[in-house]
Amino acid sequence: MKRNWELDELIEHFTILPNEMSLIENKTGETKIGFAVLLKFFQNEARFPSHKFEVPKAVIAYIAKQIYSEPELYAGYDWTGRSITRWEQKRSNLSLSG
């Protein structure tokens, strides 16, 4: 993923749509920001990030603002828990089928 994003690009590629918000709003804290970032990353890259900090800070901040979250919470998102394991499985399945 590219590192530098202009505001108009962030708006075009990372604006959370109402149907996506309904998937995000029932989550809290690190899970909320982590889920939202992974969702939008996948939509734009057709893959999941290989590591937490592959996602540029500007993207995290833009997504955090939309969901009324603090961007710093993303650093605490658990990349070893069940959620990430499910994302990894989906990524593996997508790689195998593509």
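Numbers for residues simply follow the sequence, beginning at 1. Note that the structure is a prediction, hence the values are computed from the model and not measured.
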**Q** Tyr74 side chain to Ala61 main-chain N or O, any donor-acceptor pair under 3.5 Å?
**A** no
**Q** Please report the closest heavy-atom contact between Lys2 and Pro56, naming both atoms and the distance.
**A** O-CG, 3.2 Å
**Q** Indicate, with yes or no, if Met1 and Leu10 share a hydrophobic cluster defined by side-chain heavy-atom contacts under 4.5 Å among Ile, Leu, Val, Met, Phe, Trp and Tyr.
**A** yes
**Q** Roughly how far, to the nearest 0.5 Å, is the OG1 atom of Thr28 from the CD atom of Glu30?
**A** 8.0 Å
**Q** Say whether, by atom type as modelled, one donor and one acceptor occur between the side chain of Glu20 and the main chain of Lys40 under 3.5 angstrom.
**A** no
**Q** May I ask you to decide if Pro49's main-chain N or O and Glu54's side chain share a donor-acceptor pair within less than 3.5 Å?
**A** no
**Q** Counting C-beta onward and ignoring hydrogens, is there a side-chain heavy-atom pair between Phe41 and Arg47 closer than 4.5 Å?
**A** yes
**Q** Taking the side chain as every heavy atom from C-beta outward, state whether Leu38 and Tyr77 have any pair of such atoms under 4.5 Å apart.
**A** yes
**Q** Tell me whether Ile67 shares a hydrophobic cluster with Leu7, the cluster being built from Ile, Leu, Val, Met, Phe, Trp, Tyr side chains joined at under 4.5 Å.
**A** yes
**Q** Can Trp5 and Val59 be said to form a side chain to side chain contact (heavy atoms under 4.5 Å, CB included), step by step?
**A** CA-CA 8 Å; Trp5 294 83; Val59 170; 3.7 Å; yes
**Q** Can you name the closest pair of heavy atoms from Arg3 and Phe53 and give their distance?
**A** NH2-O, 3.7 Å
**Q** State whether the number of non-hydrogen atoms from other residues, nucleotides or ligands found under 6.0 Å of Glu70 atom CD is greater than 12.
**A** no
**Q** Lys32 and Ile24: which non-hydrogen atoms are nearest, and at how many Å?
**A** CG-CG2, 3.8 Å
**Q** What do you reckon, is CG of Asn4 surrounded by more than 12 foreign heavy atoms closer than 6.0 Å?
**A** no
**Q** Going by salt bridge (charged side-chain N to carboxylate O under 4.0 Å, His left out), name the pairs with one or both residues in residues 55-68, residues two or more places apart or in two chains.
**A** none
**Q** Checking side chain to side chain contact (heavy atoms under 4.5 Å, CB included) between Ser69 and each of Ile33, Ile60, Ile63, Val37, which is the one that passes?
**A** Ile33
**Q** Grab the two heavy atoms, one from Ser22 and one from Asn19, that are nearest each other, plus how far apart they are.
**A** OG-O, 2.7 Å
